[in-house]
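These notes concern the structure reproduced below.
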Number of protein chains: 2
Amino acid sequence: MEALPRETIVDVLESRLREDILAGRHPAGSYLPPERQLAQGYGVTRTTLKHAFGRLAQAGLLETRHGVGTRVRDFARLGGADLLPMLVRHDARWVREVFEVRRSIGALIAERAAVRGTVRQRAELTALLGAVREAASPDAVQLADVEVHRALARATGNRVYVLLTNTLFNAYLPVRAALRGPFTDAEAAHRRLAPVVEAVGAGDCEGAKAAADAYLRDTERIMLEGLS
Amino acid sequence: MEALPRETIVDVLESRLREDILAGRHPAGSYLPPERQLAQGYGVTRTTLKHAFGRLAQAGLLETRHGVGTRVRDFARLGGADLLPMLVRHDARWVREVFEVRRSIGALIAERAAVRGTVRQRAELTALLGAVREAASPDAVQLADVEVHRALARATGNRVYVLLTNTLFNAYLPVRAALRGPFTDAEAAHRRLAPVVEAVGAGDCEGAKAAADAYLRDTERIMLEGLS
DNA sequence: AGTGACTGAGTGGATGAGCCACTGAACCAG
DNA sequence: CTGGTTCAGTGGCTCATCCACTCAGTCACT
C-alpha cells in the first residue's frame, strides 16, 4: 500500500499562507504583518510560523529580511518551475499550459533519446513499456506510464531533462486522479505508447519525435475531454 | 548597488548539510542521525537544525517522518529542476547540460513567441534589446540579456515557459561571474541577439527558431571557452 | 503456534519565554 | 545640511519542555 499522509500544523499553516498569497490576498511586493502578530492571528507559535515561512521562502514565494520584515515575492515574474505543483493545485487552468510545454519537450526528449540512448537504456524502455500493459489498475497504468517517460529522459544522457521531466510530473501527479482517462484501458495505453519506444529503440530520431508528439497529443486530448 | 548578503546560521547549516548530501556523505535512502544528535554535532539547537531541515525537505532533498527519522531522498532520480542551482554550484559539469537544454528550449520559445507574441510584447522586446546595447558594464549587459529572454518567454503566452526559463536562469545566474565572456562587449552582444528579436518581431517562426539556436550556440561557445 | 493488546524507547512535532542582531526613522549636535 | 546617536520594531536564534508518532519487543490469551 501507500505510505503517507501526515498533516502537521506546519503543513496546514503553509498551505493556508500559500493560498492567501496565490489568491492575491497578500499582493506581490507587499509586506506581511510582523511574525509575532501573524502567529497570534493564526493561533500558532512564532516558531511554528517561522517553519512555514522557511518553506515558502525556499519555494520562492517569500523573502525575509532581518530587521525589516517578510515580503511577498513577485513569483509570477521571477518564480521557477518548482512553483508549478502549487500553482496547478490552486488553479486548474495551468494544466493546459503544462501540457503544451510537456508536448514540446517530450518530443525533444524522444528525439535525443533516439540519438543517444544506450543499448541498456533501450532494453529498460522496452521492459517498462511491458509493465504498462501488465499493470493491474488504471492508477498503476498511469504510474507505469510515468516511469517510461522518466526512462526516456534518462536515455537522453542529459540529466537536466530528467529534472525537467520530474518537475512537470510533480505538477501533474498531485491532480492525476482527475486525469485518468487515457489509462483506464492498459492495452490501449500500451498501444499508444509503443510507437515511441520502438522508434527510440530503432534510433529513428525523426520518427521518435513524431511518435512522441502524437502520443502526447492523443493523451492530452483524452485527459482534457474527461476534464471538460 | 546590490542588496544582499546576510548569512544566518541556518543558511550556513543548510549549505553544509546540502554539501554533505550532494557529495554523497549521506547516501540516498539512508537515514540521517537523530535531530538531537546531529544538532549537537553541528553545535546548534535542534530548533535551528529543524529550520535547515525544513528548507532541504522543501527542496526535495530530505524526507522526514514523525517518529521514524529523516531520510535522504533519491533526488537524482526523483528531484525537480529547482535542484539545479545547488547542483550547478556543487559541480560545474552541470553547466554544460544546462546549456544544451537551454538551447533546445530557447529555440522552442523563440518559435512560439514569433507565432503568438502580441504587438505590445514585440515592442517590449525591441526596447529590452536596446537596453542591452546601452548597458554600462558587462554585468549589466548580462542582466539585460536575461531580461530579453524573460520577455521572449512571456511572449509565448504560456506561463510555464516563463517558469522554466526562470529555473534555468536560477541555475546559471549564481555562477554567472565565471561566464561573462559574451557580455564584455555590449555592441557585440546586441549584434548577436538582434536577429532573434527581429525574427520574432516579424512573426517569422522558422527564422526565429534558427536565430535563437544560432544565438544560444554562439553564446554557449564563448562562455565555455572562457571556462576552458 | 498464533493472535492481538500493551508497553517503552527512540524519534520528530510544537510550544513559549527570552535574548540577540539588524534596520530605519527620528532626533540631535556640529 | 551633514553625520552621528538613539530607540522602537522587526526577524534570528536558543533553550527547556512537553506532545505525538512509530516500531519492536513482550506477554497474556486463544
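Here is the naming used below: chain letters follow the sequence lines, and residue numbers restart at 1 for every chain.
Side-chain N/O atoms of A/Thr8 include one lying less than 4.0 angstrom from OP1 or OP2 on C/dA14. Here A/Lys50 does not reach the OP1 or OP2 of D/dG11: none of its side-chain N or O atoms lies under 4.0 Å away. The side chain of A/Thr47 contributes no N or O atom lying less than 4.0 Å from OP1 or OP2 of C/dA14. The shortest distance between the side-chain N/O atoms of A/Thr45 and the OP1/OP2 oxygens of C/dG16 is below 4.0 Å. Between A/Thr64 and D/dG12 there is a side-chain polar atom (N or O) within less than 4.0 angstrom of OP1 or OP2.
Here the side chains of A/Arg102 and A/Glu220 are not in contact, with every heavy-atom distance at 4.5 Å or above. With contacts defined as side-chain heavy-atom distances shorter than 4.5 Å, the pair B/Ser104/A/Tyr161 qualifies.
Regarding B/Arg71, its CZ atom lies at a distance of 13 Å from the P atom of C/dG12, rounded to whole Å. Rounded to an integer number of Å, the gap from A/Arg46 CZ to D/dG9 C1' is 11 Å. Atoms CG (A/Leu49) and C1' (D/dC13) sit 15 Å apart, rounded to a whole Å. Atom-to-atom, CZ of A/Arg55 to C1' of C/dA14 comes out at 13 Å; the value is rounded to the nearest Å. Note: CD (A/Gln40) to P (C/dG16) measures 11 Å, nearest angstrom.
If you check distances only, the side chain of B/Arg65 never reaches the base of C/dG13 with a donor-acceptor pair under 3.5 Å.
Of the listed nucleotides (D/dT22, D/dG12, C/dG13), D/dT22 has the atom at the smallest distance from the side chain of B/Val68.
Atom-to-atom distance recorded for A/Ile105:CD1 and B/Leu108:CG is 7.0 Å, nearest 0.5 angstrom.
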Are B/Gln142 and B/Tyr172 close enough, and set up right, to give a side-chain hydrogen bond (donor to acceptor under 3.5 Å, both in side chains), and what steps lead you there? CA-CA 11 Å; B/Gln142 198 171 22; B/Tyr172 149 86; 2.9 Å; yes
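Centre separation under 5.5 Å together with a plane angle under 30° does not hold for the ring of B/His66 and the six-membered base ring of C/dG13, so they are not marked as stacked.
Ranked by how close their nearest DNA chain C nucleotide is to the 5' end, A/Arg36 and A/Val10 are led by A/Val10.
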